Amino acid sequence: MVIVLHGENELEIEEALMELRGFVGDAAAQSMNVVILDGRRVNPAELQAACAVMPFMAACRLILIEGLFTRERRRAREEAAFLEVLSAVPSTTLLVLVEPRTLPEDHPLLRWIAAHPDQGEVRHFPLPSPRALPEWVIARAQRYGGTFTPQAASALAALLTDPRLLDQEIQKLVAWAAGRPVMPQDVERLVPYAAPISLFELTEALGRRDVRRALTALHRLLGEGEHPLGLFGMIVRQFRFMLLMKEQLEKGLSPAEAGNRLGLHPYAARKIAEAVVAFSLPQLEAFYRSLAELDVAIKTGQVPDVVALETFIVSVGRREMA
């Protein structure tokens, strides 16, 4: 049997792999019957030999390979040979191919599965879309015996998009709520990654060229445990969406319409639309250029990360209002 797991959702792929490992048996059985091969190096003969080995005191043997069809050079040279190996996988072997990206519908691996439905299956694990994230949050909470209000799910989905980080925060919030529904104020209180109140305070202070208040907000965020590079990335992301939002609003679109075009959840769209009121479009363009220049300076070691953040705030404070 051949199973293909593909997509960018690493969390759900890992969960699927844990389930498949369970088919082999307990930890002792897995230690003798689960084989992990390097998809970048394995050749067709090695894969065929691994699949041919009979399981030891277990119902099946699991062969796990990641990225077997990712490398274009290998795929072009050995693709046909690998597909022949798939056709010869014995019933006592479960061959799991993990591709950490979404494969196109016409990919040879998916075409092979479609042509051999009795020998394999495909499971797709894409990242949830921005609009689907709140429902995903609610569904994950139910797995842990908890519930979110729709507003709380939207608030969390607006702050984080990585499923692994979201899942960690969902578990924490469900434990905190202790049986009651998770509320928006719980998200603001317990989720450190976006620090929404302080971050909006920081951007608003920058819009007013209030250097002292902006620096205070920055160092409060750092004191709360925010990593400088993580904070810099959040500011870059925030200014990028603010710039795009401002452009859409100046075209006459409503915040909801602009958010839809930008692929933002309505909660996030509303928050960003509120933030851009303090900025002109030329200001946002200038700020974004400055952030791009500082990003290069940080990555090349020209400026320490905290100094770069402080430099940006001071430069905004000195810039003439546009």
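Here, residue 1 is the first one in the sequence, and each next residue gets the next number. Quick caveat, the model's predicted, so the values are computed rather than measured.
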Close side-chain approach of [X] to [Y], heavy-atom, < 4.5 Å:
{"X": "L109", "Y": "L86", "answer": "yes"}
{"X": "Q185", "Y": "E188", "answer": "no"}
{"X": "N33", "Y": "C60", "answer": "no"}
{"X": "L5", "Y": "L20", "answer": "yes"}
{"X": "E169", "Y": "L166", "answer": "no"}
{"X": "Y288", "Y": "L244", "answer": "no"}
{"X": "L95", "Y": "L47", "answer": "yes"}
{"X": "F232", "Y": "L291", "answer": "yes"}

Do [X] and [Y] share a hydrophobic cluster, counting only Ile, Leu, Val, Met, Phe, Trp and Tyr and linking them when any side-chain heavy atoms are less than 4.5 Å apart?
{"X": "W136", "Y": "L165", "value": "yes"}
{"X": "V314", "Y": "V303", "value": "no"}
{"X": "M32", "Y": "V35", "value": "no"}
{"X": "I170", "Y": "L127", "value": "no"}
{"X": "L215", "Y": "F239", "value": "yes"}

Any idea how F312 and F287 line up, ring-wise: parallel (<30°), tilted (30 to 60°), or perpendicular (>60°)?
perpendicular
Between [X] (side chain only) and [Y] (backbone N and O only), is there a donor and an acceptor less than 3.5 Å apart?
{"X": "K246", "Y": "L281", "answer": "no"}
{"X": "R111", "Y": "D106", "answer": "yes"}
{"X": "E66", "Y": "G39", "answer": "no"}
{"X": "R101", "Y": "G67", "answer": "no"}
{"X": "E10", "Y": "R164", "answer": "no"}
{"X": "Q119", "Y": "S87", "answer": "yes"}
{"X": "T93", "Y": "C51", "answer": "yes"}

Hey, what do you get for [atom1] ([X]) to [atom2] ([Y]), rounding to the nearest 0.5 Å?
{"X": "S154", "Y": "R131", "atom1": "OG", "atom2": "CZ", "result": "11.0 Å"}
{"X": "Q248", "Y": "L243", "atom1": "CD", "atom2": "CG", "result": "10.0 Å"}
{"X": "L62", "Y": "I36", "atom1": "CG", "atom2": "CD1", "result": "8.5 Å"}
{"X": "H124", "Y": "I13", "atom1": "NE2", "atom2": "CD1", "result": "8.5 Å"}
{"X": "D295", "Y": "D305", "atom1": "CG", "atom2": "CG", "result": "11.5 Å"}
{"X": "L253", "Y": "L262", "atom1": "CG", "atom2": "CG", "result": "9.0 Å"}

Looking at every non-hydrogen atom in both residues, tell me the closest pair between [X] and [Y] and how far apart they are.
{"X": "L94", "Y": "F23", "answer": "CD2-CD1, 4.4 Å"}
{"X": "P228", "Y": "L309", "answer": "O-CD1, 3.8 Å"}
{"X": "G145", "Y": "V174", "answer": "C-CG1, 4.4 Å"}
{"X": "L37", "Y": "A50", "answer": "CD1-CB, 4.1 Å"}
{"X": "G25", "Y": "Q30", "answer": "O-NE2, 3.0 Å"}
{"X": "P255", "Y": "L249", "answer": "N-CD2, 3.8 Å"}

Taking [atom1] in [X] as the centre, count heavy atoms belonging to other residues, nucleotides or ligands within less than 6.0 Å. Is the count above 12?
{"X": "E135", "atom1": "CD", "result": "no"}
{"X": "M54", "atom1": "CE", "result": "no"}
{"X": "R261", "atom1": "CZ", "result": "no"}

Option from V137, L173, T149 for which side-chain contact (heavy atoms from CB on, under 4.5 Å) with V187 holds
L173
Would you mind telling me which of R220, H219, R213 makes a side-chain contact (heavy atoms from CB on, under 4.5 Å) with T216?
R220
Any carboxylate oxygen within less than 4.0 angstrom of a Lys/Arg side-chain nitrogen, looking at E15 and R140?
yes
Walk me through whether V4 and H107 qualify under side chain to side chain contact (heavy atoms under 4.5 Å, CB included).
CA-CA 12 Å; V4 177; H107 191 280; over 6 Å; no
Walk me through whether E285 and R289 qualify under side chain to side chain contact (heavy atoms under 4.5 Å, CB included).
CA-CA 6 Å; E285 291 171 342; R289 284 195 299 271; 4.0 Å; yes
Under a 3.5 Å threshold, yes or no: a donor from one side chain and an acceptor from the other, between T102 and E8?
yes
